[in-house]
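Just below is one structure, and these are the notes that go with it.
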Protein chains: 2
Amino acid sequence: MTQYGRVEKVRLLVVDDDPPIADLVATVARYEGWDAVTANTGEEALRLAGEFHPDIVVLDLMLPGVDGFGVLDRLRRSGTMVPVVFLTARDGVADRVAGLTRGGDDYLVKPFAVEELMARLRTVLRRSAGPNFQRSVLRVGDLSMDEDTHEVRHGEKRLTLTPTEYEVLRFLLRKSPTVMTKAQILDHVWEYGFGGRSNVVELVVSRLRRKLDETSDTGAPLIHTVRGFGYVVRQAGE
Amino acid sequence: MTQYGRVEKVRLLVVDDDPPIADLVATVARYEGWDAVTANTGEEALRLAGEFHPDIVVLDLMLPGVDGFGVLDRLRRSGTMVPVVFLTARDGVADRVAGLTRGGDDYLVKPFAVEELMARLRTVLRRSAGPNFQRSVLRVGDLSMDEDTHEVRHGEKRLTLTPTEYEVLRFLLRKSPTVMTKAQILDHVWEYGFGGRSNVVELVVSRLRRKLDETSDTGAPLIHTVRGFGYVVRQAGE
DNA sequence: CGACAGCTGTCGGGAACCTGTCGATCGGCT
DNA sequence: AGCCGATCGACAGGTTCCCGACAGCTGTCG
């Protein structure tokens, strides 16, 4: 966790009245080595915030009883400045966007992709670590991805990726050199509940490969197929 | 923080009886790498000023008990020359005049835009640094913005921007080369509580682009759209 | 006090772009 | 050789973005 300027595990509190969603987030976070607890009501959230002392909170805005804003209010009033990432329904507060990203907080529209949520959480943590924060750049071979500028470089050249391509590549880079199955990619990069169990992943990888080929100096492929298992980003020789 | 002639973090004291507002300002300041503390009453403010030794103070004029002027008077009487920026309510026209003639260094009307407040604070800090005072000029490519003279130059030519255009461009320049989402731009450049939709940002960007195009020597765009994410100001080649 | 001018935000049409489905083809493995 | 997963061109529908037109507001000037 040194990338956040910490030695200890990140402590995450997830607040959502839908247990499967809360658990989904908590599970992914634990898998990344974080400490995560879940709350299904505002009251529980406030109690846990006091006991657990999270470093960051994921907070659904539509809660029964005290709603998300109420929880935030009470959190702040009790003196804790813990950063918050909100979850909102698409047709609810979604376009009443104003105010949610102020002060370093962020928000995400449901249904979201877990990798995207994790990425936002990492960004918020990085930022709130203070002035010693530094850019997050993922590198494999001559390929680099700057998560702040969104710049993806392949050697000298820059490539322009669509949002989906960007997310898939980020995921593969982040997991490199571990092989990821198509199911894992689908589950992490696409929104939960996405139906199309088709060959979308293959398609996006194919498009990525073409863009990588067009900008390649060496001609050596970076995205490798592991037949029967999935994909991995790895430098030729390694 | 060397831009203010300091090595250490700027120390900010925020005094407002409305906790969400005080926290909003403190959070944004911390996000910029400052040290910030909040006080909700005049008494608390005086106590904290003594302990925390702020470099600058944001002071709401309408406080229960000792009001803003009272706090300032007592601060001065205790010998501190710390610069103060006042916050006043919109309808308090009388306050405006009084605020400036009573020893404040600047003032801002509520509801304000967080970026504007931060800009004022930076200016006051720079000025109070005395002889070491230096201009603040933001530059990207052949575009430059002088925050003191408000002069914006694109190559040889000058451009005339409306207040909103100026603020959006300043924000993008300041964050360059990081990509900013429309929500972030909206939340930082517009007043807190603004309910508008995020395509006002598109509109202002569109107007900015036209003005930049009209004055462009190279024809290369400076404001780039990162589809699905937001906008960024960046020189063509980089 | 009325006319005017500049600024800001809303609306909506149209263009550009992105995404997933289908299906023909390819290539590795047994 | 034959099977089966993988690859990728083409297309249609959907989304995002851009910007012209217009209306409300505010401050200014005669």
Side-chain angles (χ1 to χ4, degrees), chain A residues 90-91 94-98 109 111-113 116 150 152 159-169 172 179-187 189-191 193-214 221-232, chain B residues 90-91 93 96 109 111 113 116 150 152 159-169 171-172 179-183 185-187 189-191 193-214 221-232:
Chain A
R90 183 170 301 278
D91 47 359
D95 51 351
R96 264 174 49 212
V97 143
V109 171
F112 52 87
E116 173 140 34
H150 260 256
V152 182
L159 32 166
T160 336
L161 303 182
T162 69
T164 311
E165 288 162 3
Y166 182 90
E167 294 295 337
V168 169
L169 184 58
L172 289 176
V179 178
M180 288 290 134
T181 68
K182 282 182 255 186
Q184 285 175 314
I185 299 174
L186 205 51
D187 288 345
V189 173
W190 271 260
E191 344 181 299
F194 175 71
R197 303 271 135 183
S198 56
N199 57 352
V200 268
V201 178
E202 295 171 10
L203 183 54
V204 174
V205 167
S206 150
R207 284 171 179 158
L208 269 173
R209 284 214 257 240
R210 186 188 325 169
K211 290 188 179 178
L212 288 170
D213 279 352
E214 283 168 1
L222 277 163
I223 305 182
H224 304 267
T225 303
V226 181
R227 200 150 228 271
F229 292 95
Y231 298 100
V232 60
Chain B
R90 181 167 302 270
D91 47 358
V93 185
R96 301 196 189 186
V109 172
E116 173 142 31
H150 265 237
V152 182
L159 22 168
T160 333
L161 302 181
T162 69
T164 310
E165 288 162 3
Y166 181 88
E167 292 295 335
V168 169
L169 184 57
F171 185 63
L172 288 176
V179 178
M180 288 300 171
T181 67
K182 284 181 255 188
I185 299 173
L186 201 54
D187 285 345
V189 172
W190 271 260
E191 320 175 329
F194 175 72
R197 306 231 168 341
S198 58
N199 72 334
V200 291
V201 178
E202 292 173 15
L203 185 55
V204 174
V205 167
S206 153
R207 285 170 180 159
L208 268 173
R209 283 213 258 239
R210 187 187 317 174
K211 290 189 179 178
L212 288 171
D213 278 353
E214 284 168 1
L222 277 165
I223 305 183
H224 304 264
T225 303
V226 182
R227 200 158 234 267
F229 294 95
Y231 297 102
V232 60

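The chains referred to below are lettered A, B, ... by the order of the sequence lines, with proteins before strands, and numbering in each begins at 1. Quick caveat, the model's predicted, so the values are computed rather than measured.
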Taking only N and O in the side chain of [X], is any of them less than 4.0 Å away from OP1 or OP2 of [N]?
{"X": "B:K182", "N": "D:dT16", "answer": "no"}
{"X": "A:Y231", "N": "D:dT7", "answer": "yes"}
{"X": "A:T225", "N": "D:dT7", "answer": "yes"}
{"X": "A:R210", "N": "D:dT7", "answer": "no"}

Exercise for the section: Return the 5'-most residue of the pair B:R209, A:R227 with respect to DNA chain D, ranking by each residue's nearest nucleotide. Expected result: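 It is A:R227 whose nearest nucleotide is closer to the 5' end.
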
Rounded to whole Å, how long is the line connecting atom [atom1] of [X] with atom [atom2] of [N]?
{"X": "A:F229", "N": "C:dC29", "atom1": "CZ", "atom2": "P", "answer": "12 Å"}
{"X": "B:I223", "N": "D:dC17", "atom1": "CD1", "atom2": "P", "answer": "15 Å"}
{"X": "B:E214", "N": "D:dC19", "atom1": "CD", "atom2": "C1'", "answer": "14 Å"}
{"X": "B:E202", "N": "D:dT15", "atom1": "CD", "atom2": "P", "answer": "16 Å"}
{"X": "A:L208", "N": "C:dC18", "atom1": "CG", "atom2": "C1'", "answer": "14 Å"}
{"X": "B:H224", "N": "D:dC17", "atom1": "NE2", "atom2": "C1'", "answer": "16 Å"}

Handout entry: Spatial distance of atom OH (A:Y231) from atom CD (A:E202) [nearest 0.5 Å]
Key = 4.5 Å

Practice task
With rounding to the nearest 0.5 Å, note down the distance linking CD1 in B:I223 to CG in B:L172.
Solution key: 6.0 Å

Problem - Flag, side chain of A:K182 to backbone of A:N199, donor-acceptor distance under 3.5 Å - result: no

Problem - Any donor-acceptor pair under 3.5 Å from A:E116 side chain to A:A113 backbone - result: no

Practice task
Verify side-chain contact (heavy atoms from CB on, under 4.5 Å) between B:V201 and B:V168, making sure each step is shown before the conclusion.
Solution key: CA-CA 8 Å; B:V201 178; B:V168 169; 5.5 Å; no

Fill in the blank from the handout: Expected string for nucleotides 6-11 of chain C under the B/S/- scheme (protein heavy atoms, under 4.0 Å, primed atoms plus P, OP1, OP2 as sugar-phosphate) is -SBBB-

Practice task
Indicate yes or no: does B:R207 engage B:E165 in a salt bridge with an N to O separation below 4.0 Å.
Solution key: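 Between B:E165 and B:R207 there is no salt bridge, as every charged N stays at least 4.0 Å from the carboxylate O atoms.
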
Practice task
Evaluate whether atom CZ of A:F229 has more than 12 neighbouring non-hydrogen atoms of other residues, nucleotides or ligands under 6.0 angstrom away.
Solution key: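 No, not enclosed.
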
